[in-house]
Amino acid sequence: MSVKDGDGTTSQDGKAYELQIYPRLSLETASCCTLRVTKEATTASVIQDAAATLGLDASKVYVLAEVKECGGEEWVLESTDLPVHRVLLWPRKAQDQHSQKEGFYFLLQERNNDGSICYVHLPSVGNEQESKRLVARGFLPPQQEDYEDLCNLPVLNEDSILDNLCIRFQKKKIYTYAGSILIAINPFKFLPIYNPKYVKMYENHQLGKLEPHIFAIADVTYYAMLRKRVNQCIVISGESGSGKTQSTNFLIHCLTALSQKGYASGVERTILGAGPVLEAFGNAKTAHNNNSSRFGKFIQVNYLESGVGARVRVTHTHTPCPLMSLPLLPQKSCCL
Ligand SMILES: Nc1ncnc2c1ncn2[C@@H]1O[C@H](COP(=O)(O)OP(=O)(O)OP(=O)(O)O)[C@@H](O)[C@H]1O
């Protein structure tokens with residue numbers, strides 16, 4: 001950008017400023033257009049002038065993005081933002097005419113009907129972090145807000161709860177808290193959120209600090225038992241096929257991983273292996289589940305004072321839901 005005194009369009013301070021605007025559009029256009037604008041020119045008026053100068057389709061919507069570093073982050077300006085004010089914050093050298101590869105310029109891009117930016121070279125938005133960054137910088141419309149804990153819903157009724165669970169489920173977030181209760185929605189497909197990295201990630205974290213997860217429940221229970229030296233109990237409830245057995249398996253997986261810490265003893269394999277045998281006495285094929293456990297299940301995991309899993313008992317009961325209890329056992333025994 002360069003400043004021209006007293007000629008052409010001038011602002012209140014008597015100066016006209018030149019903006020270097022590079023179009024990044026699907027159709028071939030001039031590589032750069034230099035606009036002379038006042039300090040008070042808004043993004044909307046600059047876009048209008050640039051589109052007219054470049055002979056672009058006036059029926060389309062365009063956005064102006066500020067680029068500082070070449071190849072670095074681009075920030076979409078609001079229509080009321082003042083581009084010259086942005087330029088005045090650039091280093092002195094960058095305010096003069098310079099080539100695009102030196103950075104510090106504006107990009108003109110097309111906006112889609114849904115509010116997202118029409119990218120010629122779309123950066124990968126595969127991962128959530130990248131798309132969050134693009135939303136923050138104005139390149140993607142904000143995602144529908146969802147609440148990790150139903151207690152934080154601004155309006156609490158059946159519709160808002162179901163809407164929130166639905167929005168989260170569409171984002172592949174199957175877990176949601178309701179205070180210290182975890183709601184799980186069966187995805188009926190594999191989600192890569194149960195590997196050891198996740199056990200580590202949730203280890204010794206306060207509930208609610210991280211994204212809701214079944215491992216967070218296992219972790220909080222395990223550490224509460226060690227800290228308070230009081231038996232802990234996890235109740236899993238839900239209709240047939242809702243994922244109670246899977247959830248129990250994930251809990252066992254996490255609890256054994258937390259308590260083993262290098263003592264590979266195959267406790268998890270033993271517990272999980274016992275499940276199908278016991279279930280065989282009470283399983284049936286239902287409309288929702290071809291391996292439905294008709295009776296409740298009671299799993300008791302006993303621990304040594306050191307926190308190492310020592311004893312496990314898995315029993316089928318006639319209670320309507322499985323129950324897990326984690327008594328602290330100061331004994332050196334290991335049986336099933
Ligand atoms: N978190 C999950 N991720 C992937 N698939 C899941 C998950 N939870 C459940 N499922 C799928 O749903 C099926 C039924 O789940 P599960 O057997 O755990 O239900 P259940 O509540 O124990 O049913 P029932 O009460 O009839 O025994 C599983 O076989 C699995 O395919």
Side-chain angles (χ1 to χ4, degrees), residues 125-136 140-225 232-255 257-258 287-289 292-293 296-297 299 319-326:
V125 287
N127 69 50
E128 202 183 335
Q129 242 179 353
E130 180 61 20
S131 55
K132 268 188 189 160
R133 259 163 28 91
L134 290 176
V135 169
L140 288 176
Q143 288 189 325
Q144 254 183 306
E145 207 179 353
D146 66 89
Y147 294 85
E148 289 178 1
D149 190 336
L150 295 180
C151 297
N152 296 334
L153 280 173
V155 179
L156 195 63
N157 56 35
E158 192 177 335
D159 284 347
S160 63
I161 290 173
L162 292 178
D163 282 349
N164 188 54
L165 293 176
C166 185
I167 292 168
R168 287 180 61 75
F169 187 75
Q170 282 161 359
K171 295 180 188 170
K172 296 199 175 78
K173 296 174 181 175
I174 61 165
Y175 296 113
T176 306
Y177 291 125
S180 59
I181 297 169
L182 182 78
I183 299 167
I185 301 181
N186 190 343
F188 279 105
K189 67 173 178 192
F190 169 77
L191 295 178
I193 55 169
Y194 303 107
N195 58 48
K197 198 178 80 185
Y198 281 82
V199 176
K200 198 89 206 107
M201 195 165 96
Y202 281 89
E203 190 171 355
N204 221 345
H205 268 86
Q206 204 186 330
L207 203 68
K209 279 266 185 278
L210 298 172
E211 179 70 27
H213 199 289
I214 188 113
F215 288 175
I217 299 290
D219 181 79
V220 162
T221 316
Y222 178 74
Y223 281 99
M225 176 190 72
Q232 304 291 313
C233 174
I234 304 171
V235 178
I236 306 173
S237 157
E239 65 175 53
S240 176
S242 58
K244 299 182 294 296
T245 309
Q246 282 288 349
S247 297
T248 309
N249 293 349
F250 291 137
L251 283 171
I252 298 278
H253 170 73
C254 188
L255 286 169
L258 287 170
H288 311 290
N289 194 358
S292 183
S293 31
K297 189 161 39 187
I299 301 177
T319 51
C321 62
L323 196 81
M324 276 188 59
S325 120
L326 314 174

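No experiment lies behind these values; they were computed from the predicted model shown.
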**Asked** Where do Tyr223 and Glu203 come nearest, in terms of heavy atoms and distance?
**Response** OH-OE2, 2.7 Å
**Prompt:** Side chains of Thr176 and Asp149: does their closest heavy-atom pair fall under 4.5 Å?
**Reply:** no
**Prompt:** How many angstroms lie between atom OH of Tyr202 and atom CD1 of Ile193, to the nearest 0.5 angstrom?
**Reply:** 7.5 Å
**Item:** Inter-residue atom distance Asn152.CG - Glu145.CD, 0.5 Å rounding
**Value:** 10.0 Å
**Prompt:** Does some side-chain heavy atom of Tyr194 sit less than 4.5 Å from a side-chain heavy atom of Phe215?
**Reply:** yes
**Any side-chain heavy-atom pair of Tyr147 and Ile167 under 4.5 Å** = no
**Request:** Ignoring hydrogens and angles, tell me if any N or O in the side chain of Asn164 forms a donor-acceptor pair with the backbone of Leu150 under 3.5 Å.
**Result:** no
**Prompt:** Looking at Leu210 and Met201, what are the two nearest heavy atoms and their distance?
**Reply:** CD1-O, 3.3 Å
**Fill in**
Interatomic distance, CD@Glu158 vs CG@Asp163, rounded to 0.5 Å, equals 10.5 Å
**Request:** Tell me yes or no: between the side chains of Asn157 and Ser160, is some donor less than 3.5 Å from an acceptor?
**Result:** yes
**Request:** Give, for atom CG of Asp219 and atom CG of Leu258, the distance between the pair rounded to the nearest 0.5 Å.
**Result:** 5.5 Å
**Prompt:** Do Leu153 and Cys151 pass the side-chain contact (heavy atoms from CB on, under 4.5 Å) test, and can you show the C-alpha distance, the side-chain angles, and the key distance before you say yes or no?
**Reply:** CA-CA 6 Å; Leu153 280 173; Cys151 297; over 6 Å; no
**Message:** I'd like to know whether Glu148 forms a salt bridge (Lys or Arg N to Asp or Glu O under 4.0 Å) with Lys209, so could you lay out the CA-CA distance, the side-chain angles of the two residues, the decisive distance to 0.1 Å, and finally the verdict.
**Reply:** CA-CA 10 Å; Glu148 289 178 1; Lys209 279 266 185 278; over 6 Å; no
**Item:** Side-chain (Arg168) to main-chain (Tyr175) donor-acceptor, under 3.5 angstrom
**Value:** yes
**Asked** How far does CD1 of Ile174 sit from CG of Leu191, to the nearest 0.5 angstrom?
**Response** 5.5 Å
**Asked** Are the side chains of Leu251 and Ile236 in touch, meaning some heavy atoms are under 4.5 Å apart?
**Response** yes
**Message:** Is the shortest side-chain heavy-atom distance between Val199 and Cys254 below 4.5 Å?
**Reply:** yes
**Asked** Under 4.5 Å between any side-chain heavy atoms of Leu207 and Ile217, yes or no?
**Response** yes
**Asked** Would you call Leu182 and Tyr177 a side-chain contact if the rule is heavy atoms closer than 4.5 Å?
**Response** yes
**Plane angle bin for Tyr198 and His213 - parallel if under 30°, tilted between 30 and 60°, otherwise perpendicular** = parallel
**Minimum side-chain heavy-atom gap Lys197-Lys200 below 4.5 Å** = no
**Asked** What heavy-atom pair brings Asn186 and Gly241 nearest, and what distance separates the two atoms?
**Response** ND2-O, 2.9 Å
**Request:** Please report the closest heavy-atom contact between Asp146 and Lys173, naming both atoms and the distance.
**Result:** OD2-NZ, 3.6 Å
**Request:** Report yes or no: does Lys244 contribute a side-chain atom to a donor-acceptor pair with the main-chain N or O of Gly238 at less than 3.5 Å?
**Result:** yes
**Reported CD1-to-CD distance for the pair Ile214 and Gln246, which is rounded to 0.5 angstrom** = 10.0 Å
